[in-house]
Protein chains: 2
Amino acid sequence: MATLKDVAKEAGLSVTQTSRALNDHSDVSVATRERVKDIARSLQYRPNLSARKLVSGRSGLVGLVVPRTYDLASDSMFIEVVSGLSSEFARRDMQCVLHVAQEDEPIIPVYKRLVGNGALDGFVLIDPSHDDKRAAFLSKAKVPFVVHGRIGSDPGHAYFDIDNETIFHDITRHLTDLGHRRIALLNGVEGRTYVAARTRGYLRALTDSRIPPSDAIIRGGAMTESLGLIATVELFSDPANRPTAIICGSVRIAKGVYQALQGLGLSIPDQVSVFAHDDHIAQMKTEAFYPALSVTDAPMRESWQPLAACLDGAISGAPLSDLQVIGSHRTILRHSTAPPCQ
Amino acid sequence: MATLKDVAKEAGLSVTQTSRALNDHSDVSVATRERVKDIARSLQYRPNLSARKLVSGRSGLVGLVVPRTYDLASDSMFIEVVSGLSSEFARRDMQCVLHVAQEDEPIIPVYKRLVGNGALDGFVLIDPSHDDKRAAFLSKAKVPFVVHGRIGSDPGHAYFDIDNETIFHDITRHLTDLGHRRIALLNGVEGRTYVAARTRGYLRALTDSRIPPSDAIIRGGAMTESLGLIATVELFSDPANRPTAIICGSVRIAKGVYQALQGLGLSIPDQVSVFAHDDHIAQMKTEAFYPALSVTDAPMRESWQPLAACLDGAISGAPLSDLQVIGSHRTILRHSTAPPCQ
DNA sequence: CTGTTAGCGCTTTCAT
DNA sequence: ATGAAAGCGCTAACAG
């Protein structure tokens, strides 16, 4: 491997100046800068990460720790996250160190080890919970991190998130505007911050329409077809309290809901309206649902770039306000919602 | 973070001696060694990987690059590999750097970048092909690596593999012993080394029983239920040449075969015998098949430990002969095979 | 058994 | 605009 010294020798400069040229310091003539970079390229020079880390504190390595959960294998979520992040960081000349924690493995010691080794610049946290131990630990250890989602109402950390509260408020609002008053929400696993945000948006919209919170119908669980299937069957088993509309936290859930409604002989949207949020991680085309599914659309794949950017910023010490990003979404109305039947 | 200096000060020793104590050098009294280790523990000392790498050449970081392929998401293979390797390496105080190459991303530049950075000690190569570019590149670059499988007939690299040729020879032999002469092999994707090995074993067993190679029936493809399903239907569509036994490269394939045979009204094992190799990555219990599936059994999860050990050895410069390991397998005869009907 | 010295490859003062 | 020198945290060669 070519070292900085080799480049310096070739350029007829000192190691110092060569380093400065390569790092775009202002006190190097532009001509020299370009010349040195050319030489570096021709020598296939790559800075030694360990050496750089030792002196500058940055190694270009970031950590990603995921718990090995029940549905990790079946869910395409995992591969989506890992693949998206790894290529996004690669683009920034950074690398991901991955650890999959075993089911019985406590998570904090993993971070402790990774942090203690001093080889990593920061972490990406996914699936935050309301009272997130990992974030607490990393904050205390003063290790930069970015969260996919938000922890608490006024987060002191870098994050990328979508506006779950508004999204689910808008969905609910769309349904109340159509005249629905018994609207079910099939949400995710209790404890996740985004699940709480979605509930808030939903409840706020109900309140807006003077629907009492006691009329809220919320079910939660792993976002699978089974949830949609089972929840729907249960909801309709009590004839007196059937919802007229169902909001699904994911397309996968919606798939189950469609199946259940078909089984129950209920037609969409005439008898039941269905609306879902689509993060594009289920490999399902919502326009191919029959009837075509109305969705709010916020592709999760669009989050890797901002996540990487925010972590990069956090490591470089950028001001927090630049590191808190809310992604955009859009609403696609198709044919799965209609006014409730009398 | 506590540094070696802190530990040394606390122990009243020089940094050198402290380092030696921590690394179990023989020229430190056992008492001192223990005392220093205790102090290190109480100070929560963790060696700085970058510093260590810089001087000793080892960082404890190994690379894993996987191509993002069509079936990566659906297949539980990926999570299995990543999770198994990451915890096995963690046990050895090593970490995995992961990169998921995008579909259009050439693979060698990825290795080039990772190697060039000089932060990694070695690589794990999975899914080797007959003419593996990655292995060629790493060999030339003199970077240690271990292969899950073997490349070529007399590999000059560290590997862990199972004896695919013998396994499939034995399966075929079992069927010929029962009297079968038209035996189909549903294999994996062409080009993979293990697929070729399996074909060799199969053909050798046919030859042993004086079945002409022209009577070999081989189909290949991604190891999915679809392959089993489609291949079976096609094989039986020509009444003159129906096989009397089917060997499946994976349990997933066998699942498809069972489905197809049921659909075709063919009974197992009376009309068709079925045998599969079970690597335990499909979450399917072979004893719960009806009739219970006969298999050769070689859990892939048992390969992470030897793979990590071999790479560790390769990095430490152990002799190649210690780094070439063949895993064991066993044969479980159940109720899916019987002599062919007349 | 133990300490001194040197140096891994790089960045950053501090001089010039 | 450039170079000399120091040092990041650690290990290894070389003395005692």
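Below, chain A is the first sequence line, B the second, and so on; all start at residue 1. This one's a predicted model, so the numbers in the text were calculated from it and none came from an experiment.
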Between [N] ([atom2]) and [X] ([atom1]): distance, integer Å:
X: A/Leu4; N: D/dG3; atom1: CG; atom2: P; result: 12 Å
X: A/Asp6; N: C/dC8; atom1: CG; atom2: P; result: 12 Å
X: B/Leu54; N: C/dC8; atom1: CG; atom2: C1'; result: 4 Å
X: A/Arg58; N: C/dT12; atom1: CZ; atom2: C1'; result: 17 Å
X: B/Lys53; N: D/dT11; atom1: NZ; atom2: C1'; result: 14 Å
X: A/Lys5; N: C/dG9; atom1: NZ; atom2: P; result: 7 Å
X: A/Gln17; N: D/dT2; atom1: CD; atom2: P; result: 5 Å

Is there a side-chain contact between [X] and [Y] in this structure, where contact means two heavy atoms from C-beta onward sitting under 4.5 Å apart?
X: B/Leu4; Y: B/Ser19; value: yes
X: A/Leu125; Y: A/Leu138; value: yes
X: A/Gln102; Y: B/Ser83; value: yes
X: A/Met300; Y: A/His148; value: yes

Look only at the side chain of [X] and the backbone of [Y], and say whether a donor-acceptor pair between them is shorter than 3.5 Å.
X: B/Asp121; Y: B/Ser59; answer: yes
X: B/Gln44; Y: A/Lys112; answer: no
X: B/Arg150; Y: B/Ile162; answer: yes

Enclosure of A/Lys37 NZ (heavy-atom neighbours >12, cutoff 6.0 Å):
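Yes, enclosed.
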
Should we say atom NE2 of B/His25 is surrounded by more than 12 heavy atoms from elsewhere, each under 6.0 Å from it?
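Result for NE2/B/His25: enclosed.
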
Please check the phosphate of C/dG9 (OP1 and OP2 only) for any side-chain N or O of A/Arg52 closer than 4.0 Å.
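The answer is no; no side-chain N or O of A/Arg52 sits under 4.0 Å from OP1 or OP2.
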
Classify the ring geometry between A/Phe78 and B/Phe78 as parallel (under 30°), tilted (30 to 60°) or perpendicular (over 60°).
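Taking B/Phe78 first and then A/Phe78, their aromatic rings sit tilted (interplane angle of 30° to 60°).
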
Please list, pair by pair, any protein nitrogen or oxygen found under 3.5 Å from a nitrogen or oxygen in nucleotides 12-16 of chain D.
{"residue": "D/dA12", "atom": "N6", "partner": "B/Thr16", "partner atom": "OG1", "Å": "3.1"}
{"residue": "D/dA13", "atom": "N6", "partner": "B/Arg20", "partner atom": "NH1", "Å": "3.3"}

Is there a residue in residues 27-48 of chain B whose heavy atoms reach under 4.0 Å of DNA chain D, and which residues are they?
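Hits under 4.0 Å, by residue number: B/Tyr45, B/Pro47, B/Asn48.
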
Any donor-acceptor N or O pair under 3.5 Å, side chains B/Ser50, A/Arg52
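No pair is found: no donor N or O on one side chain lies under 3.5 Å from an acceptor on the other.
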
Axis deviation across the helix from C/dC1-D/dG16 to C/dT16-D/dA1, five-pair ends, to the nearest 10°:
40°

